[in-house]
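Working notes, structure below.
Chain naming here is simple, since letters A, B, ... match the order of the sequence lines and numbering starts at 1 in each.
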There are 2 protein chains.
Amino acid sequence: MRADAQRNRERILDAAEEVFARHGAAASTEEVARRAGVAIGTVFRHFPAKDDLLTAILKRLLARLAEDAAALGGADGLHTFFTRLVARAAARRTVVGLAGVDVPEAVGRLGDAVGELLRQAQAAGTVRRDVQRPEVMALLVSVCQGALHGGWDEDLQARTLAVVFAGLAA
Amino acid sequence: MRADAQRNRERILDAAEEVFARHGAAASTEEVARRAGVAIGTVFRHFPAKDDLLTAILKRLLARLAEDAAALGGADGLHTFFTRLVARAAARRTVVGLAGVDVPEAVGRLGDAVGELLRQAQAAGTVRRDVQRPEVMALLVSVCQGALHGGWDEDLQARTLAVVFAGLAA
DNA sequence: TAATATAGTGAGTCTGGACTCATTTTGCTA
DNA sequence: TAGCAAAATGAGTCCAGACTCACTATATTA
């Protein structure tokens, strides 16, 4: 792959993340191209259909989250990850839950990373032992979506997470 | 308002609720008209813009929920309402959180009804006293959205709600 | 039942946005 | 630096879907 192609691909992904985050998945490809500083044809060269672009963004996003999660650990790892994620979702409208787009492996890796945080929290006695991965993931996604669409302020984030963590606590 | 107009208005709202619930807010007005058994012009006579239709549905939905909530009460009222709502969201894709559409009064009334359930649950000693309305609403919306998009099965719904209610418990 | 305002109809207009492709530009290699 | 394949360009095509309106049908009322 030529160097300019590589560079433009990254630029397009960055621009798309920004644009779709701000205006939702209905934002136009034209807008993405403009923000990336390339012609619309270039976007379609890299991502033949709009869906491919959405999928690519989501994949990258999930990969980054999994990395973040993997870098944490200990008694408060889960708590830290959860809190950080919600704050991020509330602040910028990160692309979450794009209807119809699914990227099983990427979701799987994130799930594994969160599962590991859960295991450590349980080992440290921070979280009840009968709690399982699926409901932790479910809560994570739910609260992020809530914060995302609801535009929660910091106080509401804190209060809501406090309830969730009281529920998880040993 | 003429009798046929009244009848068609209801039909259109029912059809729209069904269609948007199934295919999301991006579904076409044509489809709504077809399901309602009226011409597309009729839909636009009642609701000049698509947004008006979406708003009307949301208003009706929120009003119904507020009614449901108002009919409950006692120590387990909040729990019952919460559980019922999540199950409903997971089953049919009820229209929730339509971007850009807001109907302050309707949301307000639902909030009041939920607030009353919270008050009663606290009076009965089912829920901690330091929990406040905003975070309860936030959790409600979040979990519904999660269930909606995630297509949770009954088991996952139960486990997730168990964590939330453990967090709320006195 | 006649008069008429109100409501319904659906072919047609118009627009935004996804996607194409002939042409031009550019990075790479020999 | 010449040659060329890879990449970029952006005007143009195409279509779905929101919305219109001239006309027809019907509920209501006197």
Side-chain angles (χ1 to χ4, degrees), chain A residues 1-61 93 95 97-103, chain B residues 1-61 93 95 97-103:
Chain A
M1 193 187 242
R2 251 166 59 172
D4 54 346
Q6 185 80 47
R7 196 181 339 115
N8 279 337
R9 199 192 141 85
E10 286 306 309
R11 272 192 196 162
I12 291 167
L13 279 175
D14 290 343
E17 195 166 324
E18 167 76 22
V19 169
F20 292 137
R22 197 187 306 278
H23 308 295
S28 75
T29 312
E30 185 74 47
E31 177 70 25
V32 172
R34 200 175 313 128
R35 176 167 290 264
V38 301
I40 190 167
T42 304
V43 176
F44 281 97
R45 164 177 285 270
H46 286 279
F47 307 95
K50 192 181 181 180
D51 229 46
D52 297 323
L53 182 53
L54 289 168
T55 304
I57 292 173
L58 193 53
K59 235 174 190 162
R60 203 173 68 156
L61 187 66
R93 302 177 61 82
V95 187
L98 301 171
V101 178
D102 66 342
V103 270
Chain B
M1 193 188 245
R2 253 165 60 172
D4 54 346
Q6 185 80 46
R7 197 181 336 115
N8 279 336
R9 199 193 141 86
E10 286 306 309
R11 273 193 196 159
I12 290 167
L13 278 175
D14 289 343
E17 195 166 326
E18 167 77 23
V19 169
F20 291 137
R22 199 189 305 280
H23 307 296
S28 74
T29 313
E30 184 75 47
E31 176 71 25
V32 171
R34 200 176 312 129
R35 176 167 289 265
V38 301
I40 191 167
T42 305
V43 177
F44 280 99
R45 166 175 287 271
H46 285 279
F47 308 95
K50 193 181 181 181
D51 229 48
D52 297 324
L53 182 53
L54 288 168
T55 303
I57 293 173
L58 193 53
K59 234 175 189 162
R60 203 173 67 158
L61 186 67
R93 303 175 60 80
V95 186
L98 300 171
V101 178
D102 67 342
V103 270

- Note on the structure: Here the distance between atom C1' of dA8(D) and atom CD1 of Ile12(A), to the nearest Å, is 10 Å
- Query: Just checking Thr29(B): base, sugar-phosphate only, or nothing, at a heavy-atom cut-off of under 4.0 Å?
  - Reply: sugar-phosphate
- Query: Across the strands shown, which category fits Ala33(A) at heavy-atom distances under 4.0 angstrom: base, sugar-phosphate, nothing?
  - Reply: nothing
- salt bridge (charged side-chain N to carboxylate O under 4.0 Å, His left out) filter on Arg7(B), not counting sequence neighbours, yields none
- Between CZ of Arg34(B) and P of dG10(C) the distance, given in whole Å, is 13 Å
- Query: Given atom CD1 of Ile40(B) and atom P of dA16(D), what is their separation to the nearest angstrom?
  - Reply: 14 Å
- Take atom CZ of Phe47(B) and atom C1' of dC19(D), then tell me their distance rounded to the nearest Å. 16 Å
- What's the CD-P distance between Glu31(B) and dG17(D), to the nearest Å? 10 Å
- Note on the structure: Minimal heavy-atom distance between His23(B) and Ala27(B), with the atoms involved, is CB-CB, 3.9 Å
- Query: Would a distance-only check, ignoring hydrogens and angles, find a side-chain to backbone donor-acceptor pair under 3.5 Å from Asn8(A) to Ala5(A)?
  - Reply: no
- Report the distance from atom CD of Glu18(B) to atom CZ of Arg35(B), rounding to the nearest 0.5 Å. 4.5 Å
- Query: Are side-chain heavy atoms of Asp14(A) and Arg60(A) found at a separation under 4.5 Å?
  - Reply: yes
- Task: Rounded to the nearest angstrom, tell me the gap between atom CD in Glu30(A) and atom P in dT15(C).
- Result: 17 Å
- Looking at dT9(D), dA7(C), dC19(D), which one has an atom nearest to any side-chain atom of Phe44(B)? dC19(D)
- Return the value, rounded to whole Å, for the distance between atom NZ of Lys50(B) and atom P of dT20(D). 15 Å
- N/O (side chain, Thr42(A)) to phosphate O (OP1/OP2, dA7(D)) under 4.0 Å: no
- OP1 or OP2 of dA7(D) less than 4.0 angstrom from a side-chain nitrogen or oxygen of His46(A), does that happen here? no
- Message: Please classify the nucleic acid contact of Ala36(B) as base, sugar-phosphate, or nothing, using heavy-atom distances under 4.0 Å.
- Response: nothing
- Toward the 5' end of DNA chain D, by each residue's nearest nucleotide, Pro48(B) or Arg45(A): Arg45(A)
- Verify salt bridge (charged side-chain N to carboxylate O under 4.0 Å, His left out) between Arg11(A) and Asp4(A), making sure each step is shown before the conclusion. CA-CA 10 Å; Arg11(A) 272 192 196 162; Asp4(A) 54 346; over 6 Å; no
- List in numerical order all residues of residues 2-9 of chain A for which some heavy atom is under 4.0 Å away from an atom belonging to DNA chain D. Arg2(A), Asp4(A), Ala5(A), Asn8(A)
- Test Leu58(A) against Phe20(A) for side chain to side chain contact (heavy atoms under 4.5 Å, CB included), laying out the working first. CA-CA 11 Å; Leu58(A) 193 53; Phe20(A) 292 137; over 6 Å; no
